[in-house]
Each structure stands twice: as C-alpha cells, then as structure tokens.
Novice: 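Questions regarding the structure given below will be posed in turn.
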Amino acid sequence: MIKIAEPVERGLLRKCAVDLKELKVEPFTMVIFGGSGDLSKRKLMPGLFHLFDAGELAAGFSALSFGLPQKDDDAYRGEMLEALRQFDSPPAEGKWEGFSRNLYYLPSRFDDDNGYEELCRRIDRISVRDQAGKTNILFYMAVPPDMVPLIVGKLKKFNLCKGPLNARIVVEKPFGVDSGSARELNRTLVDAFDECQIYRIDHYLSKEPVQNILFFRFANFIFEQIWNRNYVDHVQITVAEDIGIEHRGSFYERTGVVRDIVQNHMLQILGLIAMEPPVGFSADYVRDEKTKVFNSVRIVEAEEVDKYTVRGQYGPGRTGGEEVAGYRQEKDVAPLSLQPTFFAAKFYIDNMRWAGVPFFLRAGKRLAKRITEICIQFKQLPLRLFGAPCDPNILVFTIQPDEKISLKFGVKYPYSVDEIYPVNMVFGYRDTFQMKARPDYERLLLDCIKGDLSLFVRQDSVEAMWQIVDPINARWESMPPRNFPNYAAGSWGPREAEPLIGESGRRWFTS
Ligand code: BG6
C-alpha cells in the first residue's frame with residue numbers, strides 16, 4: 001500500500017515557533033467542558049491545585065466548569081474538595097479556601113445556545129486581563145470525543161475562538177478512531193482555531209524520562225554514531241500495566257489496546273527513538289522529525305497482519321498476590337467481548353537509518369508487572385575471542401516505575417581464564433537528582449497555560465499514526481478471534497507473542 005501524506009501547510013505550522021524561554025504564566029480562565037467528570041476529579045483539579053499551592057499560577061486565574069448536572073458554584077467547590085480527598089490528598093484548609101474561590105460552575109447542555117451566551121458573559125465577568133490587556137482562555141475538552149465537534153462549533157458561532165480572546169483549546173486522546181475520523185476532527189478544529197491554538201494531549205510526552213530520550217541521543221556523541229542499522233540489531237518498546245481496565249469498562253469496550261495505548265503513547269516513543277536530529281528544539285522542529293518517522297513506518301498489508309501482530313485478552317488470574325477477574329467479567333464489559341487488551345507487533349521503518357532493523361512493540365493490561373521500557377539491542381561481535389559468545393550490549397530506558405537508563409556490557413569474571421560476565425552501568429533519576437517526579441498533568445497544564453506546544457501532538461502526526469494502525473484494527477475487527485481470553489491476568493501475555501520475536505534467538509526483554 002502506498003501512503004500519501006496529507007500536505008502540511010508550512011506557513012501555518014511555522015507560526016507556532018516561539019522562544020520557550022520567553023514564555024510566562026499570565027492570568028487565565030480555564031473553561032472545562034465536563035468539569036464535573038472523572039478526568040477533572042482525578043487529574044485536572046489536583047493538577048491545578050498543586051500548581052496553585054506551589055505558587056506557579058498567576059494571580060487572576062479561574063476555572064469555570066461548563067456542563068450538567070445543575071449545581072451552583074458552592075456545590076461545585078465542595079465536590080472538587082471531595083475529589084481531591086478521594087483521588088489525591090486532602091488539601092490544607094487555608095490553601096483550599098484561597099484556591100476554591102477561583103472555581104465557578106455554569107450549568108448547561110453542550111448544545112444549548114443560551115449556555116454559550118451565558119459563557120460569554122461569565123468570561124467577561126471573571127477573567128482578569130494580562131499586562132498586554134489580553135484575556136487568556138483555555139478551553140479544556142474533558143468530554144467524550146463525540147462531543148468535541150459540537151462544542152467547537154458553538155465556540156466558533158459565539159466568536160470565542162479567534163476573536164477578541166487569546167484562546168487555546170486542549171483536546172484529549174483518542175483523536176478519532178481511525179485516520180478518516182481524525183482528519184474530520186482536525187478539520188473541525190482548524191476551521192475554528194489556528195493549529196498553534198490547539199493542544200492535543202499525549203501525557204506520555206510529559207514524562208521526564210521520555211523527554212530525556214532526545215537529550216540522551218543528541219547530547220552524547222558516542223551514541224549518535226551507533227544509532228542506526230549498522231550497529232542496532234533490534235529495538236523493543238514495552239508498555240506493560242499490571243492493572244486491568246479499572247472503572248473504565250464502557251470506554252475500553254469502545255477503544256481496545258490499539259486505540260488506547262499503541263496509536264498514541266507507543267508510537268510517540270517510537271518517533272523519539274527513531275527520528276533524525278531536529279533543526280532545533282522548538283515544538284515544530286521536533287514534530288517535523290517525528291512525523292517523518294511515522295510516514296516511514298512500513299504499513300502492514302491486511303493479509304500480513306496476522307504474521308506481524310499478536311492480539312490477546314486477559315482471563316482471570318492472579319496479580320499482586322490476589323485473584324482478579326478476567327476482562328469479560330469486568331464491569332460494563334460484554335460477557336463475550338472480543339476487545340483486545342494485549343498487543344504485540346513487529347514493525348519496520350523504511351528509511352536510510354533503520355532499513356532492516358525490526359522494532360518490536362508490546363503493550364497490555366493485567367500483565368505480570370507495571371513497566372514501560374525501551375530496549376536497544378546492539379549487534380553481536382563478528383568473532384568469538386573468549387570461551388562463550390558475548391551477550392549483546394543492550395541499552396535500556398526504563399520510563400517507569402523506576403526511572404533509569406542502563407547499559408549492559410561484558411567484563412572478565414574475576415580469576416577466570418576466559419569467562420565473560422554481563423554487568424550493567426546504571427543512571428537512576430532518583431539517586432542522581434533526588435527530586436520528586438512532577439505528575440504528568442501538572443506539567444501539561446502549565447505548558448498549556450504558558451503556551452508551550454512542544455509536548456503536544458500536531459495534526460499531521462496524529463493522522464500518520466492512525467495510518468500505521470488502521471490496517472491492524474481493520475483486520476482484527478473483520479476476523480474475530482476464536483481463542484479469547486488467551487492469557488491469564490498476571491502473566492506476560494499470550495504464548496503467540498514469543499515466536500513473533502523469537503527469530504535468531506531474540507526474546508522479549510524485561511529488566
Ligand atoms: C492512558 C490510557 O492514556 O494511559 C490508560 O487510557 C492507561 O488505559 C494509561 O492505563 C497509562 O498511563 P501511565 O502514565 O499510568 O503509564
């Protein structure tokens with residue numbers, strides 16, 4: 001299949017270039033559509049509160065929740081306090097008082113024009129202008145994806161996008177369900193906003209060890225020399241979770257592992273590992289290079305999907321010493337659901353740097369442990385000088401939970417004649433920096449507030465990532481699996497994932 005990349009409007013994209021060091025936190029109003037929902041309670045409110053608590057927000061900020069059910073400002077403040085207690089930690093009383101007086105609630109249906117008229121009045125009333133006299137507004141779409149076009153249409157109709165306001169819009173994944181719907185969604189968004197007003201969130205990009213991939217690659221002379229098909233045998237990316245789908249059965253029934261994790265988080269990591277050095281470190285230079293990688297990933301033809309991918313769904317099992325239910329027994333999941341919760345695949349990137357190097361990706365729920373890591377395995381020596389063959393050198397980026405980078409190499413076992421012993425040289429974030437990791441959403445919110453697009457995903461990348469997974473989803477959906485559930489909760493996934501990587505003695509790596 002020949003892929004034709006959608007043309008990118010260079011002029012439009014270049015307008016997003018800004019000097020990151022110049023960006024400041026200004027007064028702003030964050031309008032949260034769906035501000036009473038799960039995302040607000042678990043991530044947005046705790047994130048905003050901690051930024052306030054750390055003195056990172058300018059005086060003159062406010063958060064206005066738009067949606068149903070009916071309630072007033074005080075009830076909303078009480079509900080958010082409860083959410084912090086439940087999902088985060090109870091805030092100190094004095095601090096909460098200071099924070100919560102900036103929270104407001106506007107009860108309205110998303111399709112009700114009266115609600116948007118009232119929104120215009122409220123924005124006028126509660127917003128504080130910045131020093132340049134601008135009103136900064138952040139529209140946060142904490143709503144199901146199918147609500148986004150409706151809300152964006154209304155924002156446009158009421159002149160809230162490009163008119164007198166300095167507006168930004170934040171959109172959560174999934175950005176569509178395939179390339180067609182993603183293109184449609186993007187059309188709706190860019191019809192109302194400029195690309196540089198649009199913040200598409202992928203929270204993996206805010207993880208410090210993920211960001212470090214580029215620093216490691218492009219700040220260290222020795223690694224850049226060997227980062228190619230001449231030296232690298234293969235690459236593995238694992239996003240393993242020990243949790244199941246938790247309270248999100250109906251979401252997961254619509255989504256599945258490919259749309260939930262692979263199309264976004266995993267491919268973003270692949271982009272950072274495989275991209276060429278960017279012209280500079282501003283958002284668009286980095287995004288240009290990642291998009292080139294996505295456009296170079298070989299599309300798996302429909303008839304080859306079964307050869308290059310493995311799918312799975314967890315059954316009952318044991319994890320953390322406890323019996324846990326299978327996917328089909330989870331709340332809001334159909335008793336005979338065919339939704340995959342495990343994915344493994346072999347990809348090739350058809351460019352000069354990576355031709356012939358396999359990239360193995362593996363992701364799943366209810367696996368043996370929680371670990372996100374990237375393993376770069378180098379080629380083996382062409383001859384054997386010592387007794388046994390040397391193990392290959394392996395460079396591992398552990399993104400979570402124990403953030404580190406390690407390099408495996410062989411040394412002489414003391415007092416042996418020719419015995420090689422594999423050891424690891426390790427850089428651990430905690431030991432070196434002794435800092436508490438900042439939660440992903442705090443970092444992302446702060447970047448939206450400041451106007452730094454570096455960690456957000458651009459329209460052309462989103463569509464290119466869908467083009468990689470669309471044929472896999474299409475094949476999986478048209479050929480229902482006969483053997484689900486095919487792995488036990490607490491295991492490393494279905495047995496079929498082993499032969500996928502097993503050629504030439506390769507095997508899945510887990511530190
Ligand atoms: C989300 C997915 O995007 O990422 C979840 O929707 C998944 O299903 C989560 O559990 C994983 O994020 P993290 O940061 O815990 O690895």
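Remember, it's 1-based here, ligands and their atoms both numbered in the order they're listed.
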Novice: Short list, please: which atoms of ligand 1 are under 4.0 Å from a heavy atom of K207?
Specialist: 13 (P), 14 (O)
Novice: With under 30° as parallel and over 60° as perpendicular, where do the rings of F378 and W227 fit, or are they tilted in between?
Specialist: perpendicular
Novice: In ligand 1, which numbered atoms sit nearer than 4.0 Å to a non-hydrogen atom of K365?
Specialist: 5 (C), 7 (C), 8 (O), 10 (O)
Novice: Would you please name every residue forming a side-chain hydrogen bond (donor to acceptor under 3.5 Å, both in side chains) with R254, sequence neighbours left out?
Specialist: none
Novice: With a cut-off of 4.0 Å, which atoms of ligand 1 are near a heavy atom of E241?
Specialist: 7 (C), 10 (O), 11 (C)
Novice: Can a donor-acceptor pair be found between the side chains of D178 and S181 at a distance below 3.5 Å?
Specialist: yes
Novice: Classify the angle between the aromatic ring planes of F52 and F61 as parallel (below 30°), tilted (30 to 60°) or perpendicular (above 60°).
Specialist: tilted
Novice: List the closest protein heavy-atom neighbour of atom 3 (O) of ligand 1: residue, atom name, distance to the nearest 0.1 Å.
Specialist: H265 NE2, 2.7 Å
Novice: Please check this pair: side chain of N186 against backbone of A182, looking for a donor-acceptor N/O pair closer than 3.5 Å.
Specialist: yes
Novice: Could you check atom 5 (C) of ligand 1 against the protein and tell me its nearest heavy-atom contact, residue, atom and distance included?
Specialist: R248 NH2, 2.9 Å
Novice: Would you check whether Y252 has a nitrogen or oxygen atom less than 3.5 angstrom from a nitrogen or oxygen atom of ligand 1?
Specialist: no
Novice: Give me the nearest non-hydrogen protein atom to atom 4 (O) of ligand 1 as residue plus atom name, then the distance to 0.1 Å.
Specialist: H203 CE1, 3.3 Å
Novice: List the closest protein heavy-atom neighbour of atom 15 (O) of ligand 1: residue, atom name, distance to the nearest 0.1 Å.
Specialist: R370 NH2, 3.8 Å
Novice: Give me the nearest non-hydrogen protein atom to atom 2 (C) of ligand 1 as residue plus atom name, then the distance to 0.1 Å.
Specialist: D260 OD1, 3.2 Å
Novice: Testing the 3.5 Å rule here: is there a donor-acceptor pair between the side chains of T372 and K207?
Specialist: no
Novice: Is the backbone N or O of E276 less than 3.5 Å from a side-chain atom of R353, with the two atoms forming a donor-acceptor pair by type?
Specialist: no
Novice: Can you list the ligand 1 atoms lying under 4.0 Å from a non-hydrogen atom of K173?
Specialist: 2 (C), 3 (O), 6 (O)
